There are 2 protein chains.
Amino acid sequence: MSDDLHDLVSTQLRRARQRYTPGRRAIIASLATLRRPVTVTELTDGGAASSISSLYRNLSVLEQCGSVRRVVSSDDLTRYELSEALSEHHHHVVCSHCGTVADITLPPTVEDALAKASVLAQNLHGFRVDGHHIELVGACAACTN
Amino acid sequence: MSDDLHDLVSTQLRRARQRYTPGRRAIIASLATLRRPVTVTELTDGGAASSISSLYRNLSVLEQCGSVRRVVSSDDLTRYELSEALSEHHHHVVCSHCGTVADITLPPTVEDALAKASVLAQNLHGFRVDGHHIELVGACAACTN
DNA sequence: CTCCGTGCAAACTTTTTGCAACGGG
DNA sequence: CCCGTTGCAAAAAGTTTGCACGGAG
């Protein structure tokens, strides 16, 4: 686990006048290790939190200060991952069979086309586009078998 | 409301050995009128269902037979819309301020680039891509003011 | 006459909140 | 010391299920 990461989170938290407590550190550590959107249950089971209420409260704090991102996909389990400020711009592949979500980076062709389309949306619909997220839905390697 | 739509739904339901009851018809009618992902509450308030449990059950049936699609976005309200079999391939713009979700059609450049990227994901990660969904996140016209 | 769909109420799951105790700054 | 964080327990919100009635095939 890189100290850089913890320093970044620490800064983000301080900016929001929040502290980098052990509980929050454990969450960040887990997310950094797993490198994919993780369910709340996975976090508690993985020992990243002692109490569910604290976990939710800390995730909320970390989300608001921009350290983690809440990810909802097809199934009804809420997942969390490190924000793009702490990782990299990426997208998700969702297995419609087992519900697992994995990270994926898409080629510049897609990103460029999407950037242009965003400007269009802005002009046509008056919708200010701040970001985007692509979800590829299908069957993961394990579920294809 | 086009009869075509109801005929299509009717066929989809029959294929799943289900009936096109008034309750289900009302849901489809609402979704067809609103033409955007709608929350469960919006459906009940709009008079599309008399009982919440029946609404959930019917949405589940309609989803399984391919008539409606469950849409989850950033906020925690589940939304439903007509499936692409009954509408057209489209994507969503999500207002991160008020949570509203609207439909948007993206230019072929994006779709093409994404199609190529999907093949890549398939080859690189062994993930069989069946479909995709793009979410543009930002601020809607009303919330920009 | 037999099922399927419906509505009500209760159960269940997930998330949020109240409150008292703890501990770092 | 003070205030933010924590853990427990209770509450709230959203969704699902059990059961009996009613209507359609």
Side-chain angles (χ1 to χ4, degrees), chain A residues 6 9-31 37-65 67-81 99 101, chain B residues 6 9-31 37-65 67-81 99 101:
Chain A
H6 288 300
V9 176
S10 180
T11 306
Q12 288 180 319
L13 280 166
R14 246 197 310 275
R15 205 175 312 164
R17 290 174 221 301
Q18 298 279 348
R19 298 177 193 161
Y20 200 15
T21 63
R24 293 168 189 176
R25 188 174 281 264
I27 292 171
I28 294 294
S30 284
L31 296 183
V38 175
T39 63
V40 171
T41 314
E42 284 178 307
L43 283 172
T44 46
D45 291 357
S50 39
S51 136
I52 308 178
S53 54
S54 295
L55 175 56
Y56 277 109
R57 273 190 280 232
N58 284 333
L59 284 172
S60 165
V61 168
L62 290 168
E63 187 188 9
Q64 280 178 318
C65 79
S67 299
V68 311
R69 169 170 161 219
R70 191 166 179 253
V71 178
V72 294
S73 54
S74 328
D75 67 0
D76 41 15
L77 282 68
T78 308
R79 291 179 169 79
Y80 289 87
E81 65 176 358
V101 183
Chain B
H6 289 300
V9 176
S10 180
T11 305
Q12 288 180 318
L13 280 167
R14 244 195 312 273
R15 205 175 311 162
R17 290 176 223 298
Q18 297 281 349
R19 302 177 191 158
Y20 199 15
T21 64
R24 293 168 189 177
R25 187 174 282 263
I27 293 171
I28 295 294
S30 284
L31 296 183
V38 175
T39 62
V40 172
T41 314
E42 285 178 308
L43 282 173
T44 45
D45 291 357
S50 38
S51 137
I52 307 177
S53 54
S54 295
L55 176 56
Y56 277 109
R57 274 189 279 231
N58 284 331
L59 283 172
S60 166
V61 168
L62 289 168
E63 188 188 9
Q64 280 178 317
C65 80
S67 298
V68 310
R69 170 170 161 219
R70 191 165 178 253
V71 177
V72 294
S73 54
S74 327
D75 67 1
D76 40 15
L77 281 68
T78 308
R79 291 178 171 79
Y80 290 87
E81 65 176 358
V101 183

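Chain letters run A, B, ... following the sequence lines, proteins first and then strands; every chain starts at 1. Because the structure is predicted, anything quoted here is derived from the model rather than measured.
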**Item:** Whole angstrom value for the distance that separates P of D:dT16 from CG of B:N58
**Value:** 13 Å

Side-chain donor-acceptor contacts of residues 56-63 of chain B below 3.5 Å, not counting sequence neighbours, with atom names and distances?
{"residue": "B:N58", "atom": "OD1", "partner": "B:R24", "partner atom": "NE", "Å": "2.8"}
{"residue": "B:N58", "atom": "ND2", "partner": "B:S54", "partner atom": "O", "Å": "3.3"}

**Asked** In whole angstroms, how far is the P atom of D:dT5 from the CZ atom of A:R14?
**Response** 13 Å

**Item:** With B:T78 via side chain to side chain donor-acceptor pair (under 3.5 Å) - residues at least two apart
**Value:** none

**Message:** For B:L77, is the CG atom crowded, meaning more than 12 foreign heavy atoms sit under 6.0 Å from it?
**Reply:** yes

**Message:** Strictly under 4.0 angstrom, non-hydrogen atoms only: write out the protein contact profile of nucleotides 18-25 of chain D, one letter per nucleotide from the 5' end, B, S or -.
**Reply:** B-------

**Message:** Heavy-atom nearest nucleotide on DNA chain C for B:L55 versus A:Y80: which residue maps closer to 5'?
**Reply:** B:L55

**Item:** Proximity to the side chain of B:R24 - top-ranked nucleotide from C:dG5, D:dG14, D:dT6
**Value:** C:dG5

**Asked** Taking CZ from A:R70 and P from C:dT14, how many angstroms apart are they, rounded to a whole number?
**Response** 14 Å

**Complete:** Taken to the nearest whole Å, CG/B:D75 to P/D:dG14 is 11 Å

**Asked** With respect to the phosphate group of D:dT16, does any side-chain polar atom (N or O) of B:Y56 fall under 4.0 Å of OP1 or OP2?
**Response** no

**Request:** Could you tell me whether A:T78 contacts a base, only the sugar-phosphate backbone, or nothing, with contacts defined as non-hydrogen atoms closer than 4.0 Å?
**Result:** sugar-phosphate

**Prompt:** Do you know the tightest heavy-atom contact between A:Y80 and A:L31?
**Reply:** O-CD2, 3.5 Å

**Message:** Would you say B:T39 and B:T41 are linked by a side-chain donor-acceptor pair, where the criterion is simply a distance under 3.5 Å?
**Reply:** no

**Message:** I need the CD1-C1' distance between A:I27 and D:dT6, as an integer number of Å.
**Reply:** 12 Å

**Integer-rounded Å distance: D:dA9 C1' and A:I52 CD1** = 12 Å

**Between P of C:dT6 and CG of B:L59, the distance in whole Å** = 11 Å

**Prompt:** At under 4.0 Å, does any side-chain N or O of A:S54 touch on OP1 or OP2 of D:dG7?
**Reply:** yes

**Request:** Please state how far atom CZ in A:R25 lies from atom C1' in D:dT6, giving the value in whole angstrom units.
**Result:** 17 Å

**side-chain hydrogen bond (donor to acceptor under 3.5 Å, both in side chains) partner of A:Y20, the single match among A:H6, A:R25, A:Q12, A:R14** = A:H6

**Note, A:V68 side chain near A:I28 side chain (heavy atom, < 4.5 Å)** = yes

